[in-house]
Amino acid sequence: MDRYDPNTIEPKWQRVWEDADAFHVPNPEPGAPADDRHWYQLEMLPYPSGNGMHMGHVLNYTMGDVITHVRRRSGWTVVRPMGWDAFGLPAENAAIREGRHPREITERNIATIRTQMKRLGWAIDWDREVSSHDPAYYRWTQWLFLKFFEHGLAYRKEAPINWCPNDQTVIANEYIVDGHCERCGALVELRNMTQWFFKTTAFADELLEYELPPGGEWPERTKTIQRNWIGRSEGAEILFRVDELGLDMPVFTTRPDTLFGATFFVVAPEHPFVDAHASEEAQAYALHAGARRDEDRAAETVKTGVFTGHSATNPINGERLPIWVADYVLMDYGTGAIMAVPAHDERDGEFAATFGLPVVDVIDENGRLINSERFDGLPAEEGGRAIVASLVEQGRGKSTVSYRLRDWSFSRQRYWGCPIPIVHCESCGVVPVPEDELPVLLPEIEDYQPKGKSPLASNEEWMHVSCPRCGGAALRDADTMDTFVDSSWYFLRYVDPHNDQAPFDRYVVDYWLPVSQYIGGIDHATGHLLYSRFFVKAMNDFEMLGFREPFARLFHQGWVQMGGTKMSKTKGNVMGPDEFVAEYGADATRLCILFLGPADQDMEWTDSGIEGIARFLRRLWRAVHEVAERAPADGPVEGPLVRKAHETIAKVSDDIVRRFQFHTPISALMELVSALSDDPDDPAARFAAETAVSLIQPYAPHIAEELWQVLGHERLWEQPWPVADESQLVQDRFELVVQVNGKVRDRFEVEADLSEDELVALAMTSPRVQAHIDGAQVRKTIVVPRKLVNFVVG
RNA sequence: GCCGAAGUGGCGGAACUGGUAGACGCGCCGGACUCAAAAUCCGGUUCCCUCCGGGGAGUGUGGGUUCGAUUCCCACCUUCGGCACCA
């Protein structure tokens, strides 16, 4: 028996799989019958960082790998692709530092990570590899952009947007954390700029619906996060009249029932009313207040504001309310104006207190309307409906819905991204680049240094084009797209990666998608996951594909932490797999990361854990070799070891497939290996060994393959997944627990086919039980079949 | 403030449908093998008490339901996550 040496056997089997093209899965022919046993296994694609993979990646992809092997071997056709989220700032910043091209840096990083991935032995169909920086990919990103543009779902507008002063580019709302850039941590500024937006708000209601296929399931917490982000509020829009100006001012409110309690009216500093009609003092205030970020405005403890000099008429009772301008009202929510009800809104109450404005109670302690004329006495909710109905009749209001969600601003003022296929023509305006001129290649430039405007603009030759529409002088759009545009459709390209006629064929995506199981971090709940859903819903509307959701089942892995904190470059606690793979092998590293704990919870990486796993693998290695040296039993085997093997099959399969729990199967396998190594001479030891090797294959495919060969077999990766023999799971004896008043007093083995009466009689004979009953009256006897007997006394 | 998740040995965690709390691993303690070490193997390891037979307590806290609660219900505490001057 050779010593277990992962560094010899692992590369050997990796070569075997590669030569056998073991994990390549071709697409079905058009019109081929739909096979309902196909599975699309996907984990979020990696960003090719210069540091290579970290343990979080190892966890993520190993989990996907276990599922892939189990499904494959259970008779499913599994597609499991891989690719690279290759555009983005880190490569560009590295390019500035190193004086090289971002492409060179990115491709170098990809090569490093690809090598790491192959060394870990993951079952990936490398034939489907795609990279978002490849013109063969971003050609179709551009093509999709044009589709969205054509349907009015991509548009340009001037708006105050988030600007990262460090990265010198716009960033999306979704990637701002507490007012700071999620990527670099700089404090985000507000800038007024003309930017490209995707109209995600057009799908606000659809995004609240999860139109999943049968068997699809999303975690409740993810849906909650998305629901909070979308922030749907039902309410009413009410028109207030400014008589002296002949103007109607709409407000949004969720509380139309409190309309009689409105005692003043407030507009946001950015509201057009201010510039057009407000007093000089109010305009001066608005100019100052409107320039501040929402976060700073919110941080103010005392409310500020100025009277504009005008009044608005409450449509329900004709009362004239003074119009104020105040920065606690936000322009980009609702209509940018509110009816203020100080009695029933905390913020309005504070404002009224500060400026001595009147307060009118309109709801009593029983929740009924008061001071509301003919609506008095109605329960608040009913009263609200009645008030809206009355406004509708007068044409002064209607029921409506407001959302917190904003459109996705996706143009970026940096180099390393997908160019926007648009030309700006003096006479024609915004003109799309014709489809047959795609891709618009990313031009070469001299200097990547961010200067607050797009580096692409520095390439004069590239910038100046003739207008595709009129032939006149025109300029290209010099911005690039947010990398989240690239990753909003990569899962569609994966299934048809070599298509040069279209981003994908509809029959191919309709065959494989929605993704059967998606795995990735919950940090993308309001970003990537929402964007991808938006893309798919829109493409479904364009009739490009036949489904409404990209991901049927979603799972979020926990963070792999070190020293109690999430791994991050700034904390210097990022750890990759390399040193563990070199010392203990890929199999041990894979097992170790999954053995750390429940996959959906944060876990602490400990170096000592891998020692235990290595011990286990050596023990497995030795036990299997010992078993293999002995002659196989002739005829069927039975006994506790056979039963243990079947129990392990049931446990491992159920945990992985149904419970999505990856650490407990390892415990079960440790028990089985320990049982069989205790007695290699047991005639059932060979069956137990074969079972253990077969079951561990998804976790540790290399050692499994090697030991499978030691046991005289071949090509374990394509052997059917073991199925537990139900009859073996039924035991003929079990351990009966006997309780007195719910406390365990004795336990002993009994025959499984005893009747309840016999169990009770047997339980009663126990001297320990007798001692606790101590001659007292047994008031009640509870029997749980195959488990316990409980005597209630006293 | 609103919404959500979670609290179990020294540590990571197990206990899936209300039925033996602590599987499995780490760490630690003791032993075997060895000149020695590594590796390996065996035994022990929730806490307290013990006449070594056992006994008592115990899953964040306090109640409740139940023959029986880590599991269900109520209240609270702590931690983490999302939203938040969103009308």
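Bear in mind the structure is a predicted one, so any value in this text is a computation, not a measurement. To find a chain, count down the sequence lines: A is the first, B the second, and so on, and within it residues start at 1.
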When you measure from the centre of the six-membered ring of A:Trp218, is the NZ or CZ of A:Arg553 closer than 6.0 Å and no more than 45° off the axis?
no
P spacing across the pair B:U17 / B:G7, given as an integer number of angstrom:
14 Å
Looking at every strand, decide which applies to A:His556 at a 4.0 Å heavy-atom threshold: base, sugar-phosphate, or nothing.
nothing
Rounding to the closest angstrom, what is the interatomic distance between B:A84 and B:G9 at atom C1'?
40 Å
Mind pulling the stems RNA chain B is in, i.e. runs of at least three Watson-Crick or G-U pairs, everything under 3.5 Å?
B:1-7 with B:77-83, B:10-12 with B:24-26, B:27-32 with B:40-45, B:46-49 with B:54-57, B:60-64 with B:72-76
Value in whole Å for how far the C1' atom of B:C24 lies from OH of A:Tyr699:
13 Å
Tell me if B:G53 is syn or anti. Syn = glycosidic torsion within 90° of 0, anti otherwise.
syn
Are A:His625 and A:Tyr4 close enough that a side-chain donor and a side-chain acceptor fall under 3.5 Å?
no
Which part of the nucleic acid does A:Leu788 contact within heavy-atom distance under 4.0 Å: base, sugar-phosphate only, or nothing?
base
Roughly how many Å is it from CD1 in A:Ile522 to P in B:G82, rounded to a whole number?
9 Å
To the nearest Å, give me how far apart CZ (A:Arg404) and C1' (B:C85) are.
13 Å
Quick one: label A:Asp332 by what it contacts on the DNA or RNA (base, sugar-phosphate, nothing), any heavy atom closer than 4.0 Å.
nothing
What does A:Val329 touch in the nucleic acid at a heavy-atom separation under 4.0 angstrom: a base, only the sugar-phosphate, or nothing?
base
Euclidean distance for P, B:U59 against B:U8 (whole angstrom):
11 Å
Which one, B:C83, B:C67, B:C3, comes nearest to the side chain of A:Asn790?
B:C67
Distance, C1' atom - from B:A36 to B:G43, rounded to whole angstrom:
24 Å
Here's a test of your reading of the structure: between A:Met331 and A:Glu735, which maps to the more 5' nucleotide of RNA chain B?
A:Glu735
Give me the distance, rounded to whole Å, that separates B:C16 from B:G22 when you measure between the P atoms they each carry.
13 Å
Honestly, is A:Arg590 close enough over A:Phe580, meaning NZ or CZ under 6.0 Å from the six-membered ring centre and within 45° of the axis?
no
Among B:G54, B:A84, B:G81, which nucleotide sits nearest the side chain of A:Arg768?
B:G54
RNA chain B nearest-nucleotide lookup for A:Ser674 and A:Gly742: closer to the 5′ end is A:Ser674
Pairwise distance CD1(A:Ile230) to CG(A:Leu208) - rounded to 0.5 angstrom:
4.0 Å
Check: A:Phe616 and A:Leu669 side chains under 4.5 Å, non-hydrogen atoms:
yes
Give A:Ser402 one of three labels, base, sugar-phosphate or nothing, depending on what nucleic acid heavy atoms sit under 4.0 Å from its own.
nothing
Quiz item: cation-pi between A:Lys303 and A:Phe351, 6.0 Å / 45°
no
Any chance the side chains of A:Glu758 and A:Ser755 put a donor and an acceptor closer than 3.5 Å?
yes
Judged by modelled atom types alone, do A:Tyr584 and A:Glu611 share a side-chain donor-acceptor pair under 3.5 Å?
yes
Rounding to the closest angstrom, what is the interatomic distance between B:C77 and B:U66 at atom C1'?
26 Å
Reckon A:Arg745 has a side-chain N or O less than 4.0 Å from the OP1 or OP2 of B:G55?
yes
Nearest-Å distance once atom C1' is located in both B:G30 and B:C80
41 Å
Minimum heavy-atom distance between A:Leu207 and A:Phe534, given as atom pair plus value
CD2-N, 3.9 Å
Nucleotide by nucleotide, nucleotides 38-44 of chain B touches protein heavy atoms under 4.0 Å in the pattern (B base, S sugar-phosphate only, - none) -SSSS--
With syn defined as a glycosidic angle within 90° of 0 and anti as the rest, where does B:G12 land?
anti
Measure from the ring center of A:Trp408 to the ring center of A:Tyr531 and say whether it is less than 6.0 Å.
yes
So A:Lys303, base contact, sugar-phosphate only, or nothing? Heavy-atom distance under 4.0 Å.
base
Sugar-phosphate, base or nothing in reach of A:Gly612, heavy atoms under 4.0 Å
sugar-phosphate
Per-nt protein contacts along nucleotides 10-18 of chain B (heavy atom under 4.0 Å; B base, S backbone sugar-phosphate only, - none) come out as --SSSSB--
If we take the P atom in both B:C51 and B:G44, what is their distance in whole Å?
23 Å
Given the ring of A:Phe791, does A:Lys780 sit roughly above its face, with NZ or CZ under 6.0 Å from the centre of the six-membered ring and within 45° of the axis?
no
Could you tell me whether the side chain of A:His646 and the main chain of A:Ala724 form a donor-acceptor pair under 3.5 Å?
no
With distance as the sole criterion, is a donor-acceptor pair present between the side chains of A:Tyr403 and A:Thr201 under 3.5 Å?
no
Nucleotide B:A23, atom C1' - distance to NZ of A:Lys644 in whole Å
9 Å
Is it the case that A:Asn162 and A:Tyr175 place a side-chain donor and acceptor less than 3.5 Å from each other?
no
Is any N or O donor-acceptor pair between the side chain of A:Asn228 and the base of B:C83 shorter than 3.5 Å?
no
Should the side chain of A:Gln739 and the base of B:U20 be counted as holding a donor-acceptor pair, with the cut-off at 3.5 Å?
no
Separation of B:G82 atom P from A:Arg221 atom CZ, nearest Å, is 11 Å
